[in-house]
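Since the structure comes first, as structure tokens, the remarks are kept for the end.
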Amino acid sequence: MNRPKTIGIIGGGPAGLSIAKLLNDTGTYKPVVFEALGEVGGKSYSYRHGSNIVEMGTCYATFSHKITNRWMKSMRMPMGFLGEQRFDGADFMDFVKSGYGPSLPKQVMTYWTAKRRLEKALARTRPEQSALDEAALPIQTWLKERNLGKNEKFMLRSTTNIAYGFIDETPTVQALRWNDMKLIITGILKQLKMPLEGWTEFWRRVSLEFDIRLNQRIAHVDRTANGVTLTTANGLTETFDEIVCAIPLDEFAKITEPTEDEKYVASSVIWNGYTTTLVAVDNWFNDVHVEAYLDSVLPGAARGQLLSARYEGGGDDFGGDLYLTGQLSGDYTGPELQELLRTDITKYGGTVKNIILQKLWKYNAQYKPEAIRDGLMTRLETMQGAQRTWYTGAIYSHEAVSHIVNFNAELVRKMHSPG
């Protein structure tokens, strides 16, 4: 019987942990995950305060989260529904239906047909240049060309409001990838759910199934024909048959001798910033779960503004109710973002009593349009497995946990049955 293939995984966020589980489940791989921090989960970070569990990063699950939903069910982790959402003072679906163009059902069907056609064209070994040009268009342009005003309004919430880019900047291929039919149907049916015990607890349980090394930052990667040696910051070394890069590629390129493909991909994306802040606010809304604000998501809006706030329950010991807020970081520092947040909350009727926790995330790897037109997506696929290295994470799929895990499921099938 052949021994299991050893594989070192750099990064203990959702990308690294999910591919470790999927590889471990095959029985033919022995994964070891190296995480620089003292806990797993990365941007799936849950903050606990008494009985409150506040998701500072990953929040809800959709119908696209088929795999993680199944894992949670097997772990007997209960899910709770996200409450009502208001967008610029109106019910979210009423806001969507106010968009221009045909009826919502007709627009959804037109969108689905055009999306499927483009994605089929992009899946060819050598996509036509016309398909690449279409994929590189800003999603707002693509929607307007098809008279999809209701879809456009939907994406103000589903895309910009959760920090996946302004719709006049986000490439069509990435917006379509996230806004799949399962997401749209989840939103229309109001079936968004959240794990009641928190995403951090979920990933902690996932990590119990395999070898994970916490507080082990990888300082150097040496790739040879005989294997890959990982050296940690404290000087420990270990050699593997293969590795998985589950950290941003620009960071990976600093700890190894990067290939031309790795250099190209790292230079072909723009990382954006997203800041989430847990605040205690007095005299603010508590009749809906989420309030989102149109002024901050329209194309051309200034970064740093309050995108939305999610009511998290009482926090009397902090002087007010608890809210999780989101801002596009831009070039602002943490303290500057706090001052902008205070100003916006005051504008919308609340009084900030305490800022409890702020997280500035490296977020949403946005493809450069010229790289898409130049065949970036083909290169993302063909570089897999070169120099005993596989790649996963936001650049290769999407920032969302659902897409990362679904991508990893397909990647593991390729790894398990190469060629």
Side-chain angles (χ1 to χ4, degrees), residues 10-16 35-37 41-45 56-59 135-136 138-139 155 158-178 217-218 221 244-256 258-259 261-277 296-297 299 301-305 307 326-334 336-337 340 358-374 376-377 379-380 383 389 391-404 407-408:
I10 306 173
E35 169 53 46
L37 301 179
K43 282 173 272 192
S44 285
Y45 179 80
M56 300 293 297
T58 304
C59 50
I139 187 59
M155 286 195 191
S158 69
T159 302
T160 310
N161 194 249
I162 52 178
Y164 292 154
F166 288 102
I167 61 174
D168 65 336
E169 299 174 356
T170 301
T172 288
V173 63
Q174 291 185 286
L176 296 185
R177 189 179 290 169
W178 166 235
R217 181 176 64 82
I218 298 300
V221 178
V244 174
C245 171
I247 61 175
L249 203 53
D250 57 321
E251 297 176 16
F252 180 72
K254 295 175 183 178
I255 58 175
T256 192
T259 65
D261 278 340
E262 288 167 347
K263 292 177 184 177
Y264 177 82
V265 172
S267 68
S268 296
V269 299
I270 300 169
W271 281 96
N272 294 287
Y274 184 42
T275 297
T276 56
T277 308
S296 58
V297 300
R303 286 165 171 79
Q305 295 186 81
L307 296 168
Q327 298 163 276
L328 295 172
S329 308
D331 295 325
Y332 292 110
T333 64
E336 289 171 336
L337 286 162
L340 289 168
Q358 182 188 59
K359 288 283 188 180
L360 280 74
W361 305 110
K362 182 175 182 176
Y363 203 77
N364 185 34
Q366 186 171 299
Y367 300 160
K368 293 179 180 178
E370 60 270 24
I372 297 172
R373 290 190 288 266
D374 193 40
L376 169 64
M377 291 169 293
R379 191 175 295 202
L380 290 174
M383 68 189 288
T389 305
Y391 308 86
T392 183
I395 292 176
Y396 289 83
S397 54
H398 189 268
E399 189 71 56
V401 164
S402 56
H403 287 60
I404 287 173
F407 172 86
N408 282 346

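These figures come from a predicted structure and were not determined experimentally. As a basis for the values below, the full set of heavy atoms in this structure was taken, side chains included, without hydrogen atoms, waters or symmetry mates.
Side chain to side chain, Gln327 and Tyr332 fail the donor-acceptor criterion of an N or O pair below 3.5 Å. The closest side-chain donor-acceptor pair between Trp178 and Thr159, if any, does not fall under 3.5 angstrom.
The side-chain heavy atoms of Asn272 and Tyr164, taken from C-beta on, include no pair separated by under 4.5 Å. For the pair Ile167 and Pro299, the minimum side-chain heavy-atom distance is below 4.5 Å. Side-chain contact check for Glu399 versus Lys43: some heavy-atom pair is nearer than 4.5 Å. Side-chain contact between Val265 and Leu376: present, with at least one pair of heavy atoms (C-beta onward) separated by less than 4.5 Å. Side-chain contact between Leu360 and Leu337 is present, with at least one heavy-atom pair separated by less than 4.5 Å.
Asp374 meets the side chain to side chain contact (heavy atoms under 4.5 Å, CB included) test with Tyr264; sequence neighbours excluded. Under the side chain to side chain contact (heavy atoms under 4.5 Å, CB included) criterion, Lys362 pairs with Pro248, Asp250, Glu251, Trp271, not counting sequence neighbours. Residues passing the side-chain hydrogen bond (donor to acceptor under 3.5 Å, both in side chains) test with Tyr45, sequence neighbours excluded: none.
A distance of 6.0 Å or more separates the ring centres of Phe407 and His398.
We find the CZ-OG distance between Arg177 and Ser397 to be 7.0 Å, quoted to the nearest 0.5 Å.
In this structure, Glu35 does not pair ionically with Arg217, as no charged nitrogen and carboxylate oxygen lie closer than 4.0 Å.
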Subject >> Verdict with reasoning, Glu262 to Lys254, per salt bridge (charged side-chain N to carboxylate O under 4.0 Å, His left out) >> reply: CA-CA 11 Å; Glu262 288 167 347; Lys254 295 175 183 178; over 6 Å; no

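Across all their heavy atoms, Gln358 and Gly334 have their closest contact at NE2-O, 3.0 Å.
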